[in-house]
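Input: a single structure, listed below in structure tokens.
All chains are named by letter (A, B, ...) in the order of the sequence lines, taking the proteins before the strands, and each is independently numbered beginning at 1. Quick caveat, the model's predicted, so the values are computed rather than measured.
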Amino acid sequence: MEPASPTAAAPLLPPPDASTEPTPERRHSVADRADTRLAREAHVGQRPGTLTIREGSLTPRLFLISYDENSCQEHEYDNYQELLTYFHGHPELRHWIDVRGYNDLELMQQIMADFELHPLQMEDVLGDYQRAKVDVFGDNRLFLVSRMTEFTQLLEIDDDQLSIFTGPNYVLTFQDDYVDCLDTVRQRIRSGFSQIKRKPPLYLAYALTDVVLDQYYPTMAAIGDYIEKLEDRILQDRPDRRVLGRILRMKKDIIRFRRFVYPEREKVAEILRMPDEIVPEEMKVYFRDCYDHAIQALDLAESYRESVTSLVELFMSNQSNRMNEVMKVLTIISSIFIPLSFVVGLYGMNFQRENPDGSINHLNMPELYEPWGYPVLLVVLAAIVIFQLVYFYRKGWLTNR
Amino acid sequence: MEPASPTAAAPLLPPPDASTEPTPERRHSVADRADTRLAREAHVGQRPGTLTIREGSLTPRLFLISYDENSCQEHEYDNYQELLTYFHGHPELRHWIDVRGYNDLELMQQIMADFELHPLQMEDVLGDYQRAKVDVFGDNRLFLVSRMTEFTQLLEIDDDQLSIFTGPNYVLTFQDDYVDCLDTVRQRIRSGFSQIKRKPPLYLAYALTDVVLDQYYPTMAAIGDYIEKLEDRILQDRPDRRVLGRILRMKKDIIRFRRFVYPEREKVAEILRMPDEIVPEEMKVYFRDCYDHAIQALDLAESYRESVTSLVELFMSNQSNRMNEVMKVLTIISSIFIPLSFVVGLYGMNFQRENPDGSINHLNMPELYEPWGYPVLLVVLAAIVIFQLVYFYRKGWLTNR
Amino acid sequence: MEPASPTAAAPLLPPPDASTEPTPERRHSVADRADTRLAREAHVGQRPGTLTIREGSLTPRLFLISYDENSCQEHEYDNYQELLTYFHGHPELRHWIDVRGYNDLELMQQIMADFELHPLQMEDVLGDYQRAKVDVFGDNRLFLVSRMTEFTQLLEIDDDQLSIFTGPNYVLTFQDDYVDCLDTVRQRIRSGFSQIKRKPPLYLAYALTDVVLDQYYPTMAAIGDYIEKLEDRILQDRPDRRVLGRILRMKKDIIRFRRFVYPEREKVAEILRMPDEIVPEEMKVYFRDCYDHAIQALDLAESYRESVTSLVELFMSNQSNRMNEVMKVLTIISSIFIPLSFVVGLYGMNFQRENPDGSINHLNMPELYEPWGYPVLLVVLAAIVIFQLVYFYRKGWLTNR
Amino acid sequence: MEPASPTAAAPLLPPPDASTEPTPERRHSVADRADTRLAREAHVGQRPGTLTIREGSLTPRLFLISYDENSCQEHEYDNYQELLTYFHGHPELRHWIDVRGYNDLELMQQIMADFELHPLQMEDVLGDYQRAKVDVFGDNRLFLVSRMTEFTQLLEIDDDQLSIFTGPNYVLTFQDDYVDCLDTVRQRIRSGFSQIKRKPPLYLAYALTDVVLDQYYPTMAAIGDYIEKLEDRILQDRPDRRVLGRILRMKKDIIRFRRFVYPEREKVAEILRMPDEIVPEEMKVYFRDCYDHAIQALDLAESYRESVTSLVELFMSNQSNRMNEVMKVLTIISSIFIPLSFVVGLYGMNFQRENPDGSINHLNMPELYEPWGYPVLLVVLAAIVIFQLVYFYRKGWLTNR
Amino acid sequence: MEPASPTAAAPLLPPPDASTEPTPERRHSVADRADTRLAREAHVGQRPGTLTIREGSLTPRLFLISYDENSCQEHEYDNYQELLTYFHGHPELRHWIDVRGYNDLELMQQIMADFELHPLQMEDVLGDYQRAKVDVFGDNRLFLVSRMTEFTQLLEIDDDQLSIFTGPNYVLTFQDDYVDCLDTVRQRIRSGFSQIKRKPPLYLAYALTDVVLDQYYPTMAAIGDYIEKLEDRILQDRPDRRVLGRILRMKKDIIRFRRFVYPEREKVAEILRMPDEIVPEEMKVYFRDCYDHAIQALDLAESYRESVTSLVELFMSNQSNRMNEVMKVLTIISSIFIPLSFVVGLYGMNFQRENPDGSINHLNMPELYEPWGYPVLLVVLAAIVIFQLVYFYRKGWLTNR
């Protein structure tokens, strides 16, 4: 019955390719984050709904996972028509059409037409910088946008967009990345028994939304670790100026992260407010869970932001502290030796003991002619030093703070 | 009639075991607070409602307090079936089933099934990091989550989760701690006469919620004391850098604390908005009191947060002040002795009084040949010192600030 | 007809007793302000509605003012039953029962029972730390809580609670202080012609609420004066570190004050939203006026808060400024004398003019042998000093900033 | 028919009297701004609606402008009864009764009675510190309060209150100032053709409200100029501490100003929400314009506030910068001369070349006996200086930053 | 039929004239930005709806683009009557009447009358400082105000106002600039196939609104680039004080920018809430897209604002850092040479070895008479230097931070 039966078990995805990992050389393009990208790539005055492919988009790869309660088949198609044929040939199954990579304008337009998407929606998909949102269209179809995040090895938060369209018996997703965080969902479909396989496509959309939200936690755990590492550096090492740069960049990233999560919460809240014809009550239990997760992610982001602000304060205090330390060294050394120098300078003066008439002037520096003069002086100098050391010790300047 | 009549008066709970108190060695795990825990332990992509036991959970202990208006019996059961038997055998009594420790997945699933809890609810229970919330389920059952806090000897706020499910004639609670702050409630049930024993189970749920809220006050009193101690250290001692670290950590803790209290207020507000079939009007009087408490706890947390911010300012000012002090010592000593050194250096010069022809050059340093030269010079030096001391005294630099 | 006719004109209240004024020795207990008190005295897990008397409460004194449009009688009763007898014996009059001091649990419980107050309400009264609020109970009775404030001689904001219950022909007030700010209201009742005497008891409740709100203004005026005094000290004197401590404490106090006023506004707003059966429209005109006052008090508190924040900035800048001053003195003295010292050190060198062969080495320090050497050098030194003074003068370092 | 026909063209208002301009001597009373005034003059516990005249109020002057579409007559009356007679004698005209100065309690009470004002309203008028607000009273009469502002020559924002009551064929205004910003409105009425003359009295109330709002812009322009002047002083001159004082005072003033404007917006918004019976739709077009103006004034105030905050940062940075400068001078001079002093001190040592036995010790300071010793040393010293100057130049310390 | 058929393809707009670009000389007038302009040019007390031409307005140029689904003609008219004739002569076409420059009061009044605009609307147009807003007037006509922004070569955000009126078959726009960002829209109309040509005039209004919103992105990209440049200067160069001035100005600009965008969002939100008779559902899809853009622009502005705040922190830290550096140089040099100076001063003392009786005093500075005295001393001095250098190296003061 199944003409082009795809081998369900075959590893469809290549292992995470090293070349897709950001390397230091590619750093600049990673630093080109959504913010700036968004600002730079806006096509001013373009006809709304005009589809343009962002530079650097990947060649599309088409995946289809078809399942019912008892079976599950997945396949990567080289050819869109083949996929479509199989899709239309099996209306009794549920399908997850997973498009990765946007770099084929014609294909995108065809998908848009075949699945009755609005050009403005497709523009949101390809623009790759849409805030999380949900739109209802058609009778009760949903268009969901999520932002997937990742804390990269470059110590920055990277983000990608996942666009989800629901249909009567399918879910259509778009993303511009071959490697994603949705594998756990795929695994659950593949596994013998799964809620996903027994519930309507909306449940799959929920599962995808949920996995993206769950993904925020490891991102934040990584941020938390990094913040702790920065804090340790400030407290233990002698942090240089670049540490502040990193802290401020981290702050910017956390704020950006919060900007991803906030609309995520609004999105789920909107879903919860939708009438039962669109999102049935039994699905809302699940989205309510999503809502809790989004709020907690926001809480965490807020918490980390406060931590980073504290780091800045700590850094500033540390800087001021080091200045204190420098000053103390200067003060101690100067305070000890400058008076001593005066005393020895005093006895380097050339006041004459002999008057012009050859008589001895007992008033002019008699000390110099005392047999015990020099030893007594040395004792006096030592006494001054000791006195000062005691004074500074009492002030706590000699102990290391 | 009562087959396994538990001895009601027997001390059911061991005294707070020293080994359950956080010790410095266990500090790291305590520092692993909910925030980070939450971020770290999220199970990305897991099927919603999947039950997993957090590492480090305690072995479950099962307590049952059964009471009606006139009697009260409590017992710790080693065996869940025994508990269930007793519970089902006494529908005329009201029961508080108190589960402490989660580390038995099978047991948890069985309780879930027996008491008709939703897997997502059970996931919230076991996850141990749910914000305070209330859900209605079944006909008019409530699922309440509270966060219990404690200011530990490690000067940190520790928090635990208390999950409460109400039923027709019972209350079911979960927590992952053997020692808790609910003993006052147990005492009130044991005592001869108590509102709890005459009111429906919802009143017990209220009493538990209220005791958690009340617990916030001693937590905050401890915080307040600690803040005062820190303030004293800044004002009296010479605080080192670590004090700032502690202040900032305290700030983080207070913010976290506020994050616990805030949803607590929302939770109670939601209960107050519920229809009378679920929460009867006569119960709302009590929850309204809870609401006042939650708001006041929020106020207090806000107040302490401001205090901590002021502490940071005080610390910074203090740091700057110490720098001032160091600078003043340096300036006073340098300003006094550097000019003196110049003067004595002046009379250490070797200008020759005798011209090459042997005649006396009266212009070259005649002072050196004056009989009163040296004493006069000493007087001049002393005058300079006195002048400067007066000057600095007037500026207020000699008095201790 | 009136058995124990109280002499209306007799001075009922003793003059403000010196022993009730906070003295420096009592300071610590005053510093034990509501915040901390609230946190410390919460009775965790207590049965809601349990009445406990705060430590340090005063022995109750019972006052009754009975009036109708034409007459007014006031009396202090030693015995509650006497008061009650008189009260019940004159249903045609309106009564203000004024309880000052809580330290008699039995009496409190009896009043509670006689006037049909809810135990939770009574708990709010005796707890003495309830936010301002309004509750409707009975048919159309009101329970109003206000916080009275005072700027004490210890330069802190002291606060007390005024609890007001309205009834069909009476107003019942509680406070834990013998001296209060309500005397103006009593005076208005005593005076021949007063709105209070012609209007329902709610009007008296309004008048009491209003007088508390009005009391906020002198409190704030005192704060304003104190802020100005602090500002003057920063600008004119040489403020020490304690000034910052005072500023920060004042900030805390103002924030606390705002926390009193804010719920006051909410309270009045809630009264304005009540149906006409409870608060008739003609009374709302008066409460609307209260509302304006509450908003203006909030505005003022906000304004003072900003002022205090500015004070902190001013203090910090001043501290930095003093450091500048210290540094300038150091720099001027060092910059002038260090070069001079070098020059005189130069001519203190012992380079030999006589070669070993006795001939004169004209290269080695010939200046020392010049007849005009010393005077010329002094001129040069003076020139250096003058040059530097001019330089520093130009930089503006010599003028006092 | 018109007994005391006022000459419409006569200059009714004296030219702005110099004596009403704030002079430095009067400064203190101007500094006594609304905030403090408000706090100080509140009459605690006074019967609501009690009329009291603020100290320093002006003697009332009564102006009447009577107009219909074609005519306009204005007159200053010495006698209130005359005014009233004329007013009642001309019901076919529209009237603007303009009371300037409050200092006649009896008169105020009479006006209150004649025009059916509520005592609480009159209290708001005379208190002179009411926030902008609108009340509806009578059938559809309005009571509008506006705050007029002015940036005085003392560089402060002065404010006065304008109270407006509308009536069927008149507008009644109160203010405690002889000179105001309403002359443009008067001019428009006098001019042959004006909307005001053809529209109901509400339009005149609108025109007055609008002119007060418009007045905010020059106030803010003056603030903007002053801010720029302060910025210039910080950037160019060497600002002293008083500049910070002025900046902070300006900040306080701007915040206060915003506090005036904010309720102004609320007031207009409330008018826009009123039913058409009170404010007809055709009038709302005009108030909508007012609303835009109020929002823009708020925007501006917000903008200036940010500017002032930036000024504080700039000042602080400047202060820190001057410290840097002082330190650099000290460091350059010390670093150059301290090593030099060491070198010359070195050759001032008295190590003996002659051994006790008269032989020459060639190890002890042979340099002193070299024929080229002194010149070579001078060259070395010069080299040290040059080296250091180059070093400091490279660090950029010699150039003026 | 078409008398003065305009040549559609002719370049209607001159190339951006160099004289319209802001040059440094014109800077002051550019710096005279909307804020201050708004404050300065308000005409206090003017009759509402009074039309006045701002100084510096351009001479009006009149453009007409007339199109239907298949054709498009554009023309610049020297004469308003000609334009009107053509416009009225072609009711079957849709028209975009584009007025650039306001400096002809009579013309403006005539347009106002011909197109039935309200004087208050026209005042908003000519005032050129209206916040973005939307008004409905007539039956279902819209008046839309947008603010166009541009980041100028003077590193400031310049803004202009675009006022749009819709009509049954036309759109009327006003702006006071010859060069604008709407050319892309014109191009789309000119092109053969365009949505604009097939949809009602409201779609053109939408397209213009959208292009203004899109224009915000390049503005912000330019800001982002400039911020990065400033950050680089702080981190790499030795930034001078003016950098802070620029940062603070940029901050002000970004805040101002946000003030433009915020009402833009409100405007679109208001359009989305309008009933379908005014804005049909099919148009709302497009405005919903606008709404997303406005929110994202706000997000970006918020993000940049945070960046600028971080820049200030970075600058301050950098300043403090440079002070540290200066202090370290001073401390190192002083700490090394001051002790050395003391030592050499010691041996410059003149204690006499010979007693008066000619005998040798072996206690007085015997070192000076040691044959190895000088070399040993040099070694000691070197040892002191080395010791200190090691100490400073260990403290990390010698390495460049």
Which value, rounded to the nearest 0.5 Å, describes the distance between C/L244 atom CG and B/N318 atom CG? 9.5 Å

Most heavy-atom pairs under 4.5 angstrom with chain B, which of C/L377, C/I336, C/I332, C/I247? C/L377

Rounded at 0.5 Å granularity, tell me how far CD1 in B/I295 sits from CZ in C/R131. 5.0 Å

All heavy atoms of C/E325 vs all of B/W397, minimum pair found to be O-CH2, 4.3 Å

Under a 3.5 Å distance rule, please check whether C/Q319 uses its side chain to pair with a backbone N or O of B/S317 as donor and acceptor. yes

Measuring only between side-chain heavy atoms, which start at C-beta, is C/V344 closer than 4.5 Å to B/V343? no

Using a 4.5 angstrom heavy-atom cutoff, name the option from C/T331, C/L330, C/I338 with the most pairs to chain B. C/L330

For B/E313, which atoms come within 4.5 Å of any heavy atom of chain C: side chain, backbone, both, or neither? both

Tell me, out of B/G348, B/P339, B/S334, who's got the most heavy-atom pairs with chain C below 4.5 Å. B/P339

From B/K328 atom NZ to C/M323 atom CE, the distance as rounded to the nearest 0.5 Å: 10.0 Å

Return the CZ to CG distance between C/F337 and B/L340, rounded to the nearest 0.5 Å. 9.0 Å

Can B/E302 and C/R259 be counted as an ion pair, charged N to O under 4.0 angstrom? no

Any idea which of B/M327, B/Q187, B/E231 has the most non-hydrogen atom pairs under 4.5 angstrom with chain C? B/M327

Contact leader toward chain B among C/Y347, C/F137, C/Y262, where contacts are heavy-atom pairs under 4.5 Å: C/Y347

Residue C/Q109 excluded, over 12 heavy atoms near CD under 6.0 Å: yes

Looking at side-chain heavy atoms only, is the closest gap between B/S303 and C/R256 below 4.5 Å? no

Is it the backbone or the side chain of B/D292 that comes under 4.5 Å from a heavy atom of chain C, or both, or neither? side chain

Parallel, tilted or perpendicular for B/Y286 and C/H118, by the 30°/60° rule? perpendicular

So which part of C/V326 gets closer than 4.5 Å to some heavy atom of chain B, the side chain, the backbone, both or neither? both

Of all heavy-atom pairs linking B/S335 and C/V329, the shortest is OG-CG1, 4.0 Å

In this structure, OG of B/S320 is separated from CE of C/M316 (nearest 0.5 Å) by 7.5 Å

Is C/I255 close to chain B through its backbone or its side chain, or both, or neither, when contacts mean heavy atoms under 4.5 Å? side chain

Any B/E306 side-chain heavy atom under 4.5 Å of C/K251 side chain: yes

